[in-house]
2 protein chains.
Amino acid sequence: MTKNYSSEINSPLSTNQEDYLKAIYILETRGDQVTNSVLSEYLGYTPASATNMVKKLAQMDLVIYRRHQAVALTPTGRRVALEILRHHRLLELFLHKTLNIPWDSVHEEAERLEHVISEALEDAIAASLGYPKVDPHGDPIPSKNGDVIHTPGHPLSQSEAGRAYRLVRVLSQEKDRLAYLRGLGLHLNAELFLHEQAPFDGPMLVEVAGEEHALAADMAALLQVVPASAE
Amino acid sequence: MTKNYSSEINSPLSTNQEDYLKAIYILETRGDQVTNSVLSEYLGYTPASATNMVKKLAQMDLVIYRRHQAVALTPTGRRVALEILRHHRLLELFLHKTLNIPWDSVHEEAERLEHVISEALEDAIAASLGYPKVDPHGDPIPSKNGDVIHTPGHPLSQSEAGRAYRLVRVLSQEKDRLAYLRGLGLHLNAELFLHEQAPFDGPMLVEVAGEEHALAADMAALLQVVPASAE
DNA sequence: GATACAATTTAGCCATGACTAAAAACTATT
DNA sequence: AATAGTTTTTAGTCATGGCTAAATTGTATC
């Protein structure tokens with residue numbers, strides 16, 4: 001298994017190490033301060049375990065660590081994280097398009113597969129999909145050299161009522177939430193019409209595929225949309 | 001990740017444990033006595049490591065172990081081994097057919113993927129391939145309930161000269177050997193004509209896709225064939 | 001049956017990476 | 001600046017699963 005980042009790194013990374021780097025990247029991208037508690041909670045480990053691992057990653061020059069400070073990725077660490085994320089999102093799209101696995105249930109599978117596919121397989125998957133730019137949740141697929149496109153859109157919860165929108169991204173990986181959203185007929189690029197938004201952050205009334213549904217405000221906040229006219 | 005065998009086993013198995021069980025199955029199937037040295041050499045570990053692991057697998061009722069004796073799979077151990085083997089061979093075929101990865105280089109990839117695919121993905125792959133019976137090397141794909149079909153054929157090295165044959169199985173997983181065979185134009189179900197066999201186990205003269213090649217006897221021994229007429 | 005040689009097992013070591021419990025250090029409030 | 005409360009780190013434990021080296025057991029030969 002030859003990994004893309006192998007040229008920059010002396011020893012191959014474990015699944016766990018890759019998961020830490022990916023988590024740090026995602027938390028950084030969210031704009032969070034990646035403190036030990038945030039990181040350990042995100043990964044489901046105790047803070048002590050996170051400290052240990054972060055120290056190890058720092059020795060490998062993958063993260064910058066100073067006691068009691070937020071962790072940050074080094075350029076090399078970021079490259080590793082992006083490669084794993086590229087694997088993850090390519091795999092999600094591949095599973096969805098090639099094997100008809102519903103878009104709301106590809107995440108867990110990709111979570112394991114992302115660590116074991118070779119560079120050659122990554123390339124073959126990307127080629128077979130026509131070098132896609134986003135996964136089935138609308139998350140951008142990092143390019144091989146680590147570029148991440150900016151995805152447009154704004155939350156449905158902050159959108160004007162009485163207009164049609166197109167779903168361009170879903171900001172959640174929670175299985176049951178995604179299943180619920182799919183149950184409403186939602187999927188990437190689905191059209192939806194926002195009938196009204198109840199005041200005081202109340203539920204929204206949306207129409208998807210001819211059916212009307214009430215949608216809680218926190219759910220609507222996860223849905224990134226653009227005006228339906230926009231191509 | 002829900003594994004098929006999870007109903008019979010209390011704790012999930014590690015990749016290593018699954019590899020041991022698969023190795024024992026393969027060695028048993030070859031007809032070898034699965035002694036500690038055979039097993040450890042096959043896996044590339046020291047004999048001491050194999051003893052340790054085999055003891056652990058025995059505690060889990062996956063193998064039968066008595067000091068200084070050959071190991072044997074229990075029925076449960078065999079089911080696990082067959083499931084992993086099913087994963088492996090389904091994956092090989094899938095990678096070959098769906099992603100056009102050459103048949104001689106799917107093995108390593110499948111070797112890692114086989115441990116991380118869920119039951120649902122296994123099913124989706126099998127369905128997308130039309131519930132195939134053999135992988136790209138002609139090795140039988142165990143069915144979900146653990147049946148393994150018998151593959152017909154005999155070694156090319158023991159075949160009569162002056163006749164046409166069809167390749168039904170390649171008994172090797174060595175990358176360079178397989179690459180060589182593919183270079184000759186060989187693949188599953190390829191037709192070949194055996195011109196002559198030099199005496200004293202000398203090389204064979206075979207014709208594949210209009211080209212003649214000399215083939216060492218030990219290579220020919222890896223090629224299982226049936227008469228070309230046979231469907 | 002004694003001796004030599006090979007195979008196997010035991011004993012003990014190491015790294016990984018989780019954990020708990022306790023100590024230390026930071027932050028906020030009075 | 002002292003104290004309280006939270007966060008982080010340290011110290012030390014445990015399981016996994018490799019390893020080497022040494023002891024044991026089994027087998028074959030004289």
Side-chain angles (χ1 to χ4, degrees), chain A residues 1 3 9-24 27-28 32-72 77 80-81 84 111-112 114-116, chain B residues 1 3 9-24 27-28 32-72 77 80-81 84 111-112 114-116:
Chain A
M1 170 164 54
K3 289 278 180 72
I9 301 216
N10 14 5
S11 62
L13 300 179
S14 69
T15 294
N16 275 334
Q17 292 172 331
E18 291 182 348
D19 278 337
Y20 269 94
L21 294 173
K22 193 179 58 153
I24 295 167
L27 293 168
E28 270 186 356
D32 298 7
Q33 279 282 93
V34 189
T35 62
N36 233 273
S37 43
V38 167
L39 180 59
S40 61
E41 199 199 346
Y42 179 84
L43 287 166
Y45 297 136
T46 61
S49 301
T51 302
N52 268 331
M53 182 60 99
V54 165
K55 278 174 157 183
K56 219 166 293 178
L57 294 172
Q59 283 185 332
M60 295 192 252
D61 263 311
L62 295 168
V63 302
I64 297 188
Y65 166 70
R66 259 173 284 119
R67 309 168 77 246
H68 298 274
Q69 303 257 124
V71 214
V80 175
I84 303 302
E111 201 70 12
R112 295 185 309 269
E114 63 186 7
H115 303 290
V116 301
Chain B
M1 172 165 51
K3 289 278 180 74
I9 301 216
N10 15 4
S11 61
L13 300 180
S14 70
T15 294
N16 275 334
Q17 291 170 332
E18 291 181 348
D19 278 337
Y20 270 94
L21 293 173
K22 192 179 58 151
I24 296 166
L27 293 169
E28 271 186 357
D32 298 7
Q33 278 283 92
V34 188
T35 62
N36 232 272
S37 42
V38 168
L39 180 59
S40 60
E41 199 200 346
Y42 180 85
L43 287 166
Y45 295 137
T46 61
S49 301
T51 302
N52 267 331
M53 183 59 98
V54 165
K55 277 175 156 182
K56 217 167 292 176
L57 294 172
Q59 283 185 333
M60 295 192 251
D61 262 312
L62 295 167
V63 303
I64 298 188
Y65 166 69
R66 260 172 285 117
R67 308 168 80 249
H68 296 273
Q69 303 255 124
V71 214
V80 176
I84 303 302
E111 201 70 13
R112 296 186 307 270
E114 63 186 6
H115 302 290
V116 301

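So you know, we letter chains A, B, ... as the sequences are listed, proteins then strands, and number each from 1.
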- Note on the structure: Out of C/dA25, D/dG18, C/dT9, minimum distance to the side chain of A/Arg67 belongs to C/dA25
- Describe the nucleic acid contact of A/Asn52 in one word from base, sugar-phosphate, nothing, applying a heavy-atom distance below 4.0 Å. base
- Would you mind reporting whether B/Asp19 and B/His115 have side-chain heavy atoms less than 4.5 Å apart? yes
- Just to confirm, is there a sub-4.0 Å distance from OP1 or OP2 of C/dG17 to any side-chain nitrogen or oxygen of A/Tyr20? no
- Query: Which residue lies toward the 5' end of DNA chain C, A/Ala48 or A/Gln17, if each is placed at its nearest nucleotide?
  - Reply: A/Gln17
- Any side-chain N or O of A/Ser49 under 4.0 Å from OP1/OP2 of C/dA18? no
- Query: Between D/dG18, D/dT9, D/dG17, which nucleotide has the shortest distance from any of its atoms to the side chain of B/Tyr45?
  - Reply: D/dG18
- Task: Considering just the side-chain nitrogens and oxygens of B/Lys55, establish if one lies under 4.0 Å of OP1 or OP2 belonging to C/dT10.
- Result: yes
- Side chain of B/Met53 - closest among C/dT20, C/dT9, D/dG18: D/dG18
- Are any of B/Asn16's side-chain N or O atoms less than 4.0 Å away from OP1 or OP2 of D/dG18? yes
- Query: Are any of the side-chain heavy atoms of A/Glu18 and A/Glu114 separated by less than 4.5 Å?
  - Reply: no
- Message: It should be established whether B/Ser14 places a side-chain nitrogen or oxygen under 4.0 Å from OP1 or OP2 of nucleotide D/dG17.
- Response: yes
- Message: Counting only heavy atoms from other residues, nucleotides and ligands, does the tally under 6.0 Å from CD of A/Glu41 exceed 12?
- Response: no
- Query: What's the closest nucleotide to the A/Asn36 side chain, out of C/dT9, D/dG17, D/dT8?
  - Reply: D/dT8
- Task: Among D/dG17, C/dT8, D/dT9, find the nucleotide with the atom closest to the side chain of B/Ser37.
- Result: C/dT8
- Note on the structure: Side-chain atoms of A/His68 come closest, of C/dA21, C/dA18, C/dA25, to C/dA25
- Heavy atoms under 4.0 Å, any strand shown: does A/Ala50 hit a base, just sugar-phosphate, or nothing? nothing
- Item | A/Thr35 side-chain proximity, nearest of C/dT9, D/dT8, D/dA11 | D/dT8
